[in-house]
Undergrad: 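Here's a structure for you.
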Amino acid sequence: MTVNSGNPVWYLRRLSRMGPREVAGRVGDTVRRRRWRSARPECPRVSGARFTAVLPAAALAAVPPDAAKRLVDAAELLMAGHAEYFGVARDDLADPDWWYDPKTGRHAPWGYAFDLPYRQEDAVGDIKQIWELSRHQYLTVLAAAYAVTGDERYAERVAEHLRSWWAANPPLRGVHWISGIELGIRLLSWVWVRRLLDGWPGAAGLFEDNPVALNQIWHHQRWLAGFPSRGSSANNHIIAEAAGQFAAACAFNWFPSSERWRNDALRSLERQLRGNTFLSGLNRELASEYHGLVLELGLAAVAEADAADVPVPATLRLVLLRMTDALAAVVDNRLRPPRQGDADDGHGLIVDGAGTDRWASLLATGDAVFGRLAWWPEVTGTDVRTPLLAALIRPYAKGGTAPAVARPSAKPGHFADAGMTILRGPDGIWCRCDGGPHGFLSIAAHAHADALSVEVRQDGVDVLADPGTFCYHGQPEWRQYFRSTLGHNTLELNGADQSVSGGPFLWTRHARSRVLDVGTSPESVAHWCAEHDGYQRSVHRRRVELTAASQELRVVDEVRGRGRAAVRLAFHLGPAIAADLVGNWAVLTWTRDGEDRFAVLDLPEQLSWRAHHGESDPPLGWYSAGFGRKEPATTLVGTGFADGTQGFTTVLRFRGQGAAG
């Protein structure tokens, strides 16, 4: 989600990151918004509409019983009005207020959508809290519960809420008509709601025989055709817009413009998926949760294509294949991906209950659609979404246009184009090293100033942690901290970030990194070396070595350049880690599966070390497990000076289980 402070300085900075074509496109958007204020065409009359993109008969029978139980448990909580979004509990979902923000207690104002100051929390509330409910992904959960149980209470609640939302949010009025990603995901939800309610007698009356629903679906697609994300904003937003538009044009192909919308959306989706993805398969935003979001959206779009028998370019399936293989390669032994860049808990399609592992679900779907490789991690969890998607998507080998492609014969450890390297050791030791681009496109909206940072886990537990994201706007000091250089396991010089921020989703100068040396074989000393130029007068170079035999991770930092520079070297510990710091020596303890674990952190003696825990002025010593949530965690910060004559060596020694001796 791209938001800003709304001041003239920000707009000038933002304008400086656009090219002429983007500027021209945005001028055209502004003119169109003004014209649409008074010119609101009516949805064309539709007769004889039928919904044919139904699930195959065997799909629901393939849902595992434990996954179905989790789904029904989640549905019952929703029926009772309970849910939690971004750390804020709600108990008003039996009859929701679509414009209410439970975090601030504010109501979004009414009016023409493009006039509303949605970036101003004091006027609107936290817009993400307001928008999230109206993605209607909780309705896909209720619809899925109806599909697996036949209990009409769930279907009736879905119908009640959809009619309420449609009545409260007429086209182009209110905050739910501002952002294309919201419209795209909402359309995808409606497609799945209609599919999952197909056995309910009221399904046709709710959708294809309902003029209000037809009007909403048509206006959503007209909006998406008119205001695509452009240029420097063509990141995950445009994937969601194109996927939602395409899904609706396939499944709700009832309008004179449906074929054009479908063809345009498919071209955009294929082009943007390629543009948003490295050849290695990693997402170019270098934000792991957006990799998951884009992969979910892409798989959902292909499901609609295959359900409607619409051919898609082979390159689209190939990108999704590469993304799935890349995900299988970067997760740790507990199937957790890196915690890199921004994360806002965004999902493309939700039909599962709480406790379902998102990443295991994606890998299970990848196995069903593409076929797992021998080196993929084992997936033991179950989910509802995989059998439903797999029932619609043709297996890759049977896709008709699938090209012959060489998939990795062994688990990749280094992704040169993305600058990501994973070093692995025994006992589930996993280390991510960051030597890649600062972010995607000219504004790098979801990037953090984390060049050369490391992230270390043992058996899935964050030891040296990436602290996460926490928030996007409304709390600028926290947004600044969680994406700062000091907020990551890397080195800060002279109190400045490596890259220069121009606002909460804008970087005006990007640090450039390059990997100098890498070796990921676990049989020897796995190593990685990279440097970046973010400090201009000085170059930060870092070398990381993981010795499997001794379970030792060595990090050496050098500052090369002119003059003396003030240094702060930070190591953020995960929330499960307790630390006893004495001088430059820290003993780390934690528990995993009932067993005590230990490690020793030998820190550079040239620096003065201090432990920080849950400090707020300024923020330091925090961990965000998910958007809107934060908890105190220990951060070790060493301060001193670098003069280019010596390096700073940090050694992390894992001491196994049982005793810290």
Side-chain angles (χ1 to χ4, degrees), residues 40-57 59-60 71-72 75 78-79 81 93-96 98 133-171 173-174 176-177 183 185-223 244-245 247-258 261-262 300 303-304 307-308 349-351 388 392:
R40 289 178 55 201
E42 291 298 317
C43 168
R45 298 187 65 177
V46 173
S47 61
R50 295 174 59 243
F51 182 82
T52 59
V54 298
L55 283 169
L60 294 171
L71 168 64
V72 171
L78 291 169
M79 292 293 290
L93 262 65
D95 183 19
W98 303 108
L133 187 64
S134 289
R135 289 186 171 188
H136 288 169
Q137 293 176 321
Y138 79 99
L139 295 182
T140 56
V141 170
L142 288 172
Y146 164 76
V148 300
T149 66
D151 188 336
E152 294 193 357
R153 292 182 304 124
Y154 303 131
E156 290 163 357
R157 177 63 59 83
V158 171
E160 176 188 340
H161 282 203
L162 281 177
R163 290 190 174 105
S164 167
W165 195 93
W166 290 332
N169 295 277
R173 294 298 183 268
H176 298 302
W177 289 89
L183 276 74
I185 290 177
R186 191 156 54 239
L187 275 178
L188 187 59
S189 295
W190 292 352
V191 168
W192 275 88
V193 164
R194 175 61 184 87
R195 173 175 290 125
L196 292 164
L197 294 185
D198 191 61
W200 180 54
L206 180 62
F207 280 93
E208 55 264 34
D209 295 338
N210 181 359
V212 175
L214 294 172
N215 188 53
Q216 286 277 348
I217 293 167
W218 184 82
H219 273 284
H220 271 66
Q221 294 190 81
R222 176 178 179 258
W223 193 109
Q245 175 84 302
C250 286
F252 302 146
N253 60 339
W254 306 322
F255 309 103
S257 298
S258 290
W261 286 337
R262 185 192 71 205
E304 297 308 324
L349 174 66
I350 302 177
V351 290
L388 302 189
L392 297 175

Undergrad: To the nearest 0.5 Å, what is the distance between CZ (F51) and CH2 (W254)?
TA: 7.0 Å
Undergrad: Indicate the atoms forming the closest heavy-atom contact of Y138 with P96, along with that distance.
TA: OH-CG, 4.2 Å
Undergrad: For R173, which residues count as a side-chain hydrogen bond (donor to acceptor under 3.5 Å, both in side chains) partner, sequence neighbours excluded?
TA: none
Undergrad: Can you tell me if S189 uses its side chain to pair, donor with acceptor, with the backbone of R135 under 3.5 Å?
TA: yes
Undergrad: Looking only at atom types and distance, does a side-chain atom of R222 sit under 3.5 Å from a main-chain N or O of P41, one as donor and one as acceptor?
TA: no
Undergrad: Assess whether side-chain contact (heavy atoms from CB on, under 4.5 Å) is satisfied between L196 and L55, documenting all intermediate values.
TA: CA-CA 8 Å; L196 292 164; L55 283 169; 4.0 Å; yes
Undergrad: What heavy-atom pair brings C43 and H219 nearest, and what distance separates the two atoms?
TA: N-NE2, 4.5 Å
Undergrad: Hey, could you give me each pair passing side-chain hydrogen bond (donor to acceptor under 3.5 Å, both in side chains) that has a residue in residues 198-210? Not counting sequence neighbours.
TA: R194-D198, R194-E208
Undergrad: To the nearest 0.5 Å, how far apart are CZ in R186 and CD in Q137?
TA: 11.0 Å
Undergrad: Which atoms form the tightest heavy-atom contact between A143 and V158, and what is the distance?
TA: N-CG2, 3.9 Å
Undergrad: On a heavy-atom basis, which atom in A94 and which in E160 lie closest, and how many Å separate them?
TA: O-OE2, 4.1 Å
Undergrad: Just jot down the side-chain hydrogen bond (donor to acceptor under 3.5 Å, both in side chains) partners of W190, sequence neighbours excluded, or say none.
TA: H136
Undergrad: Looking only at atom types and distance, does a side-chain atom of H161 sit under 3.5 Å from a main-chain N or O of E156, one as donor and one as acceptor?
TA: no
Undergrad: Rounded to the nearest 0.5 Å, what separation is found between the CG atom of L93 and the CE atom of M79?
TA: 11.5 Å
Undergrad: Just how far is it from atom CH2 of W218 to atom CH2 of W261, taken to the nearest 0.5 Å?
TA: 6.0 Å
Undergrad: Enter the distance from W192:CH2 to L197:CG here, rounded to the nearest 0.5 Å.
TA: 12.5 Å
Undergrad: Which heavy atom in L71 sits nearest to a heavy atom in V141, and how many Å separate them?
TA: CD1-O, 3.5 Å
Undergrad: Output side-chain donor-acceptor pairs under 3.5 Å for residues 162-170, partner residues at least two apart or in another chain, one line each.
TA:
unit_1	atom_1	unit_2	atom_2	d
S164	OG	W98	NE1	2.9
W165	NE1	S134	OG	2.9
N169	OD1	W99	NE1	3.1
N169	ND2	W165	O	3.1

Undergrad: Which atom names give the shortest non-hydrogen contact between A147 and L60, and what distance separates them?
TA: O-CD1, 3.4 Å
Undergrad: Applying side-chain contact (heavy atoms from CB on, under 4.5 Å) between F207 and each of V193, L214, V191, report the one that passes.
TA: V193
Undergrad: Would you please name every residue forming a ring-ring contact (aromatic ring centres under 6.0 Å, His included) with Y154, sequence neighbours left out?
TA: none
Undergrad: Are any non-hydrogen side-chain atoms of S257 and Q221 less than 4.5 angstrom apart?
TA: no
Undergrad: Run the salt-bridge test on E304 and R195 with the 4.0 Å N-O cut-off and return the result as yes or no.
TA: yes
Undergrad: Please list all pairs passing the salt bridge (Lys or Arg N to Asp or Glu O under 4.0 Å) test where one or both residues lie in residues 42-55, with sequence neighbours left out.
TA: none
Undergrad: Measure the CG-CD1 distance between L139 and I350 for me, rounded to the nearest 0.5 Å.
TA: 11.0 Å
